[in-house]
Amino acid sequence: MDAIAPLLAATINAGTPLMLAALGLLINEKSGVINLGSEGMMLMAAIVGFAVAVQTGNAGLGFVLGALTGMVMAAFFAWLTVWLGANQVACGLALSLFGVGASAYIGIPFSGSSLVVAKTGIPFLKDIPFVGPALFEQHYMVYVSWVLCALVTWFLARTRAGLVLRAVGESPSSAHSLGYNVRLIRLGALMFGGACCGLAGAFICLVYTPMWVENIVAGRGWIALALTTFATWRPLRVMLGAYLFGGVTILSFHAQALGVPVASQLLAMMPYLATIIVLVLISRNANWIRLNMPASLGKNFNPNS
Amino acid sequence: MFRLENRAAPSTLMAWCSPVLAVLLTMLVAGALFWALGKDPLAGLNVFFLEPLRDANGWAEVGVKLIPLLLISVGLAICFRANVFNIGAEGQLVVGALAAGAFVLQVDTGENGGFWLISLALLCGMAGGMFWAAIVAFLKDRFNANEILVSLMLVYVAQHLLSYMVHGALRDPDGFGFPQSSLFSDGFLLPAVLPGTRLHVGIVLALAAAVLGWLFLTRSMSGFRLRVGGMAPLAARYAGFSSRKALWMSLLLSGALAGLAGAAEVMGPVGQLTPSISPGYGFAAIIVAFVGRLHPLGVIFSAFIMSLIYIGGELAQSRLGLPNAITGIFQGILLFSLLACDVLITKRLVWRK
């Protein structure tokens with residue numbers, strides 16, 4: 001039992017950035033926009049958050065500016081796709097390629113520096129044996145991600161605004177004729193997604209591996225995109241999926257220590273292979289995807305035509 | 001104020017001009033970037049866009065980068081025309097390089113090589129890339145798994161696979177433990193076409209691929225079916241064109257070309273297997289394909305611009321003290337510029353008070 005609690009804690013830690021990003025992307029996609037720029041937004045937010053935290057010694061400020069970075073990039077993406085009507089797939093890729101290059105550039109002076117961010121946890125609860133250290137001795141962003149998951153669930157299922165958002169994703173022209181401003185709603189959804197991806201990127205650099213190396217996000221932005229499909233666009237399943245992938249990552253780290261005689265490079269493939277396998281398992285049933293996928297996902301809408 | 005107004009019909013003129021406009025806009029933004037970094041904008045642009053073309057050696061170096069970019073982007077142009085979003089060419093390149101490299105390391109005795117063995121090695125590379133793309137096609141065809149995500153995930157798998165092989169089975173036994181294979185002997189290196197430079201016969205293959213790709217898309221029935229399937233899936237189904245066939249064909253073709261690019265890299269400028277074969281050619285080729293209007297001949301123009309940016313980035317490192325990462329920024333800006341300029345195909349700017 002003693003060995004399992006730290007593994008569980010590490011799993012939650014590894015799953016948190018995936019969950020944060022995927023919740024944001026879920027809201028994007030519910031509004032009918034697919035943003036392949038998540039990897040780039042996370043990288044930019046990671047380096048900005050890290051740089052700010054190193055310079056000011058304030059990790060909280062790092063998270064705020066990381067989220068803002070994500071929002072700025074998302075707003076630019078929204079301008080290109082929602083207002084100018086550019087191809088969403090191409091714009092997202094451009095955003096990611098740009099983020100990879102720009103973060104590498106900004107990060108040069110910070111390469112190799114590290115910092116320590118305390119995991120405060122929740123008082124009293126963290127003293128519970130076994131469960132306490134695993135669940136309640138985490139960085140506060142972990143609890144933010146839980147609250148966020150609950151909020152997104154409630155927002156989509158129970159609020160009027162959530163209903164409007166889903167309507168925009170299903171049929172923008174109907175939402176438009178009912179008098180809703182499709183562009184502004186999509187902009188809002190994208191900004192929310194950008195903020196979430198920003199928090200996720202900052203989390204990777206400030207908490208998960210508190211240092212900067214080039215390309216530190218290592219595909220988690222893409223995995224988060226796969227998670228929304230895996231979750232068939234449901235927030236609670238996003239949480240489940242994120243921790244599942246977190247667990248795979250942690251297992252691949254610890255497999256050698258546990259005596260599994262497999263090369264580290266092959267173990268490092270596991271999260272990516274797991275993503276493919278899970279995508280295949282989910283996509284196999286076309287009805288699951290077709291029933292849940294926002295009908296206008298990836299299609300632009302022009303209110304003037 | 002300027003306003004965007006819908007055009008009655010898409011402008012053919014703008015469709016041709018917008019890539020050129022995008023390059024000019026990129027230069028403008030790049031100049032602004034140099035200025036912001038405290039460098040002379042004109043000197044910076046000079047280093048990036050003129051300096052590489054000063055002498056024959058510069059042209060040859062641009063050509064060296066053009067080879068992988070052109071090979072991959074011809075394949076991607078065909079894929080994207082068929083609405084198959086193969087984003088994982090980088091992984092297909094890596095597996096192609098691995099397959100060709102493994103073959104060379106098996107048969108290389110130091111004295112053999114030559115035309116037939118080199119051709120076989122290139123074919124191994126094509127087969128490797130094809131195999132990696134076939135996984136994407138199979139999972140999409142059989143299980144409807146999203147090809148964007150699967151091909152992307154396979155990039156990371158391929159990179160770890162290459163790293164595993166050069167750390168293990170393919171490591172140079174006399175390499176002092178460095179994770180790289182032994183150097184290929186001269187008989188397995190692609191011969192130079194310009195004596196005294198690094199420009200190798202890959203350039204002939206790449207240009208041939210562009211012409212063949214163009215003939216395939218515009219002059220063959222399969223190419224026609226593929227394009228119709230991409231533009232109007234319903235019409236294609238009504239005409240009885242198989243979308244499965246288009247999926248497989250476009251992925252196998254682009255995988256083979258990316259694999260060939262990988263093989264040409266290891267047997268050309270790299271000369272051995274190392275953990276990092278490509279500085280992101282597979283991703284840069286996506287931009288090349290879009291800027292080249294998904295046209296196999298258009299991508300010759302955009303691949304040239306892109307290689308110029310690569311070489312310019314290397315020069316900027318030595319001349320201006322700018323880090324190499326600036327290349328990636330320019331590439332991103334180029335694609336953004338194109339996407340923004342493309343708006344003018346369907347809309348026009350009008351002045352309104």
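Proteins get letters first, then strands, A, B, ... in listed order; numbering begins at 1 in each. Computed over heavy atoms, backbone and side chain alike; hydrogens, waters and symmetry mates excluded.
A:E29 pairs with exactly one of A:T229, A:N35, A:T228 by the side-chain hydrogen bond (donor to acceptor under 3.5 Å, both in side chains) rule, that one being A:T228.
Residues of residues 326-336 of chain B lying under 4.5 angstrom from chain A, judged on non-hydrogen atoms, are B:G328, B:I329, B:G332, B:I333, B:L335, B:F336 by number. Residues of residues 90-98 of chain A lying under 4.5 angstrom from chain B, judged on non-hydrogen atoms, are A:A90, A:C91, A:L93, A:A94, A:L95, A:L97, A:F98 by number.
A cation-pi arrangement is absent between B:K39 and B:F34 under the rule of less than 6.0 angstrom and at most 45 degrees off the ring axis.
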Which atom pairs, donor and acceptor, lie under 3.5 Å between side-chain atoms of residues 150-161 of chain B and protein residues at least two apart or in another chain?
from: B:S151; atom 1: OG; to: B:I87; atom 2: N; distance (Å): 3.2
from: B:S151; atom 1: OG; to: B:G88; atom 2: N; distance (Å): 3.3
from: B:S151; atom 1: OG; to: B:E147; atom 2: O; distance (Å): 2.8
from: B:S151; atom 1: OG; to: B:I148; atom 2: O; distance (Å): 3.2
from: B:Y156; atom 1: OH; to: A:G219; atom 2: N; distance (Å): 3.3

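The parts of B:N144 that come within reach of chain A are both its backbone and its side chain, each placing non-hydrogen atoms under 4.5 angstrom from that chain. When heavy atoms are compared at a cutoff of 4.5 Å, B:I286 approaches chain A solely by way of its side chain, counted from C-beta outward. Only the side chain of B:L37 comes within less than 4.5 Å of a heavy atom in chain A; its backbone stays farther off.
Of all the listed residues (A:A86, A:A226, A:G99), the one sharing the greatest number of non-hydrogen pairs under 4.5 Å with chain B is A:A226. Ranked by heavy-atom pairs shorter than 4.5 Å toward chain A, the options B:F80, B:F143, B:F85 are led by B:F143. No other option in A:L266, A:L80, A:L225 has as many heavy-atom pairs under 4.5 Å with chain B as A:L266.
Judged by distance alone, the side chain of B:Q180 and the main-chain N or O of B:T274 form no donor-acceptor pair under 3.5 Å.
Checked against ring pair (Phe, Tyr, Trp, His ring centres under 6.0 Å), A:F301 has the following partners two or more places apart in sequence or in another chain: A:H176.
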